[in-house]
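Below is one structure, written out as structure tokens; comments come after it.
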Amino acid sequence: MENVVVFDIDGTLAINDHRRHHLMGEKKDWKSYNATMFEDGLYIDIADLLYTLYDTGSTIILCTGREEVYKGVTIEWLHKRSEEHTSEL
């Protein structure tokens, strides 16, 4: 039986606390919220878990509620954070 593990990006892998204030209150400022997503940090403990599961044969699925227009930025962010993280191991 194949193990499949699903991870969300924002708030699970990505530390997006620095931009959450744009969504507080009655009026949500999605444009400002999304403008700095590339600056998100990485939750190291979750990344460690992801890599451990992957290394033991699990299929990893990443999910996000981000709009399609942010696909390129999201993929770049994943590559950048992955390179940074694996260089620390």
* Consider only side-chain heavy atoms of I, L, V, M, F, W and Y, link residues closer than 4.5 Å, and tell whether Val4 and Leu50 are in one cluster. => no

* Give every residue pair that meets the side-chain hydrogen bond (donor to acceptor under 3.5 Å, both in side chains) criterion with at least one member in residues 52-65, sequence neighbours excluded. => Glu2-Thr59

* To do: Show the numbers, then the answer: is there a salt bridge (charged side-chain N to carboxylate O under 4.0 Å, His left out) between Asp10 and Arg20?
  => CA-CA 10 Å; Asp10 290 315; Arg20 282 191 188 159; over 6 Å; no

* In this structure, are over 12 heavy atoms from other groups packed under 6.0 Å from Lys28 atom NZ? -> yes

* Using the rule that two of Ile, Leu, Val, Met, Phe, Trp, Tyr join whenever any of their side-chain heavy atoms come within less than 4.5 Å, decide whether Leu13 and Ile60 are in one cluster. => yes

* To do: Please report the closest heavy-atom contact between Val73 and Phe38, naming both atoms and the distance.
  => O-CD1, 4.0 Å

* To do: Answer with yes or no whether the hydrophobic clustering places Ile46 together with Leu78; edges join I, L, V, M, F, W, Y residues whose side-chain heavy atoms lie under 4.5 Å apart.
  => yes

* Cluster link Val6 to Tyr43, ILVMFWY, side chain under 4.5 Å -> no

* Asked: Between Arg81 and Leu42, what is the shortest heavy-atom contact and its length?
  -> O-CD2, 4.0 Å

* Asked: Rounded to the nearest 0.5 Å, how far apart are CG of Asp29 and CZ of Arg19?
  -> 12.0 Å

* Arg66/Asp40 salt bridge by N-O under 4.0 Å criterion -> yes

* Asked: What closest approach, in Å, do Phe7 and Val5 show between heavy atoms, and which atom pair accounts for it?
  -> CE1-CG1, 3.5 Å

* **Which atom of Trp77 lies closest to which atom of Met37, heavy atoms considered** => CD1-O, 3.9 Å

* Asked: Is it the case that one hydrophobic cluster holds both Ile44 and Ile15, taking links as side-chain heavy atoms less than 4.5 Å apart, direct or via other members?
  -> yes

* Do you know the tightest heavy-atom contact between Tyr51 and Ser82? -> OH-OG, 2.6 Å

* Working for side chain to side chain donor-acceptor pair (under 3.5 Å), residues Asp48 and His85 -> CA-CA 9 Å; Asp48 287 343; His85 180 65; 2.9 Å; yes

